[in-house]
Amino acid sequence: MKKFFYVFLSCAMLAAFAACGPDEPTPNPEDETPEFLDKSKTSSMVVTLANVPVASDTTIIVTEAEPSLSGAVQMGVRGTIQGVKAFRVTITRSEAGQKDELCAGQQCVPGDGELSQDIDYNMMGADKADWYTHYTPAKAGDYTVNYKFQNYNRELNIKVIYRYAE
């Protein structure tokens, strides 16, 4: 009876190993494109800049700087976004190592200090949300940031030149 049991157990283990099949690579989540970037679908994204709808790529120069709650000087722009469930903003900076932040809806993401950064936002069921930027200048001069809003087949660039004079 012991021999029969060992033979049966061996066959069961062989069958289990054969069912595994060849190793398949684990998908990398960074390689997967989010559904809201499917270019075959039409976007109804509406982005405003200070209550004015942005119809095409736009450049704005910001010269006003105000003290923040922490006492540091900050500059920024404000707007709204609607007609999307989720979207991506690709940020391209003129200089690395600067301190900036982009907020949309309930999510604020600090800049990573690199020249380029992708941020995906989910509207969490809302049909409209505010978006705004914060930039803390470290020195006098121009600091340029391009915010590329992306949803389905629509891309919209808002280029902000933060012009700080001490």
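Just the heavy atoms: all of them, side chains too, but no hydrogens, waters or symmetry mates, feed the values below.
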Trainee: Considering non-hydrogen atoms only, spot the tightest contact between Tyr135 and Pro137 and give its length.
Mentor: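 Between these two residues, the closest heavy atoms are O-CD, 3.3 Å.
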
Trainee: Do you know which two heavy atoms are closest between Ser44 and Gly83, and how far apart they sit?
Mentor: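 Answer, listing the atom of Ser44 first, then Gly83: OG-O, 2.9 Å.
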
Trainee: Do Glu95 and Tyr143 have side-chain N/O donor and acceptor atoms under 3.5 Å apart?
Mentor: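 Short answer, no.
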
Trainee: If hydrophobic clusters are built from ILVMFWY residues whose side chains come within less than 4.5 Å, do Met123 and Met45 share one?
Mentor: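 Yes, same cluster.
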
Trainee: Under the ring pair (Phe, Tyr, Trp, His ring centres under 6.0 Å) criterion, do Trp131 and Tyr121 qualify, and how do the steps go?
Mentor: CA-CA 11 Å; Trp131 68 268; Tyr121 289 96; 9.9 Å; no

Trainee: Cluster question for you: counting only ILVMFWY and a side-chain heavy-atom cut-off of under 4.5 Å, with indirect links fine, are Val84 and Leu37 together?
Mentor: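 The answer is no; the residues belong to distinct hydrophobic clusters.
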
Trainee: Quick one: which residue pairs count as a disulfide bond (SG atoms under 2.5 Å apart) with a foot in residues 128-166, not counting sequence neighbours?
Mentor: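 Qualifying pairs, neighbours excluded: none.
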
Trainee: Would you list the pairs meeting disulfide bond (SG atoms under 2.5 Å apart) in which at least one residue belongs to residues 119-166, sequence neighbours left out?
Mentor: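 As it turns out, there is no disulfide bond (SG atoms under 2.5 Å apart) pair with a partner in residues 119-166 once direct neighbours are skipped.
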
Trainee: I need the minimum non-hydrogen distance between Arg93 and Gly111, along with the two atoms involved.
Mentor: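 Taking every non-hydrogen atom into account, NH2-CA, 3.3 Å.
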
Trainee: Among residues two or more places apart or on two chains, list those pairs meeting side-chain hydrogen bond (donor to acceptor under 3.5 Å, both in side chains) that have a residue in residues 72-82.
Mentor: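 Output for this query lists Thr48-Thr80.
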
Trainee: Hey, can you pull the donor-acceptor pairs under 3.5 Å for the side chains in residues 159-166, sequence neighbours left out?
Mentor:
from, atom 1, to, atom 2, distance (Å)
Tyr162, OH, Thr133, OG1, 2.8
Tyr162, OH, Tyr147, OH, 3.0
Arg163, NE, Asp142, OD1, 2.9
Arg163, NE, Asp142, OD2, 3.3
Arg163, NH2, Asp142, OD2, 3.0

Trainee: Give me each pair satisfying salt bridge (charged side-chain N to carboxylate O under 4.0 Å, His left out) with a member in residues 117-127, each pair once, sequence neighbours excluded.
Mentor: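 Qualifying pairs: Arg88-Asp120.
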
Trainee: Who are the side-chain contact (heavy atoms from CB on, under 4.5 Å) partners of Ser56, not counting sequence neighbours?
Mentor: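 With sequence neighbours excluded, Ser56 shows a side-chain contact (heavy atoms from CB on, under 4.5 Å) to no residue whatsoever.
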
Trainee: Can you tell me how far CD of Glu114 sits from CD1 of Ile91, rounded to the nearest 0.5 angstrom?
Mentor: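 Output value for this atom pair is 12.5 Å.
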
Trainee: Any side-chain to backbone donor/acceptor pair from Asp57 onto Asn157? Under 3.5 Å, distance only.
Mentor: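 Yes, the answer is positive, given that a donor and an acceptor are paired below the 3.5 Å cut-off.
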
Trainee: When Ile, Leu, Val, Met, Phe, Trp and Tyr are grouped by side-chain heavy atoms lying under 4.5 Å apart, directly or through other members, which residues fall in the same group as Tyr132?
Mentor: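 Members other than Tyr132 - counting any ILVMFWY side chain reachable under 4.5 Å - there are none.
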
Trainee: Not counting sequence neighbours, which residues clear side-chain hydrogen bond (donor to acceptor under 3.5 Å, both in side chains) with Glu155? List them please.
Mentor: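 By the side-chain hydrogen bond (donor to acceptor under 3.5 Å, both in side chains) rule, Glu155 matches Lys39.
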
Trainee: Show the nearest heavy-atom pair for residues Ala65 and Met75, with the distance to one decimal.
Mentor: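 Closest heavy-atom pair between Ala65 and Met75: CB-CG, 3.8 Å.
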
Trainee: Is a side-chain donor-acceptor pair under 3.5 Å present for Thr92 with Asn146?
Mentor: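 No - no donor-acceptor pair under 3.5 Å links their side chains.
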
Trainee: Applying a strict under-4.5 Å side-chain criterion to I, L, V, M, F, W and Y, I'd like to know whether Tyr152 and Phe87 cluster together.
Mentor: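 In one cluster: no.
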
Trainee: Return the minimal non-hydrogen interatomic distance between Ser43 and Arg154, and the atom names on each side.
Mentor: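 That would be CB-CB, 3.6 Å.
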
Trainee: Strictly by disulfide bond (SG atoms under 2.5 Å apart), give each pair with a member in residues 121-166 just once, sequence neighbours left out.
Mentor: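 Applying disulfide bond (SG atoms under 2.5 Å apart) to every pair that reaches into residues 121-166, excluding sequence neighbours, yields nothing.
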
Trainee: Taking side-chain contact (heavy atoms from CB on, under 4.5 Å) as the definition, give me every residue that meets it alongside Ala96, ordered by chain and number, with sequence neighbours left out.
Mentor: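 Expected list: Leu115.
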
Trainee: Does Met124 reach the side chain of Gln107, with side-chain heavy atoms less than 4.5 Å apart?
Mentor: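 The answer is no, as the side chains (C-beta and beyond) never meet within the 4.5 Å cut-off.
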
Trainee: Which pairs, with at least one residue in residues 37-121 and sequence neighbours excluded, count as a disulfide bond (SG atoms under 2.5 Å apart)?
Mentor: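 The answer is Cys103-Cys108.
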
Trainee: Same cluster for Val145 and Val109 if Ile/Leu/Val/Met/Phe/Trp/Tyr side chains link at under 4.5 Å?
Mentor: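 Yes, one cluster joins them.
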
Trainee: According to side-chain contact (heavy atoms from CB on, under 4.5 Å), who are the partners of Glu64, at least two apart in sequence or on a separate chain?
Mentor: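 Checked Glu64 against side-chain contact (heavy atoms from CB on, under 4.5 Å); matches are Glu66.
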
Trainee: So how far is it from Thr58 OG1 to Ile158 CD1, rounded to the nearest 0.5 Å?
Mentor: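 Reported value, rounded in 0.5 Å steps: 6.0 Å.
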
Trainee: For Ala86, is there any backbone N or O sitting under 3.5 Å from a side-chain donor or acceptor partner on Asn122?
Mentor: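 Absent.
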
Trainee: Tell me whether Leu156 shares a hydrophobic cluster with Leu49, the cluster being built from Ile, Leu, Val, Met, Phe, Trp, Tyr side chains joined at under 4.5 Å.
Mentor: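 Leu156 clusters together with Leu49.
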
Trainee: Does Thr90 reach the main-chain N or O of Lys148 with its side chain, forming a donor-acceptor pair under 3.5 Å?
Mentor: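 No.
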
Trainee: Have a look at Ile81 and tell me which of Val47, Val89, Asn151, Val46 forms a side chain to side chain contact (heavy atoms under 4.5 Å, CB included) with it.
Mentor: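 Passing option: Val47.
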
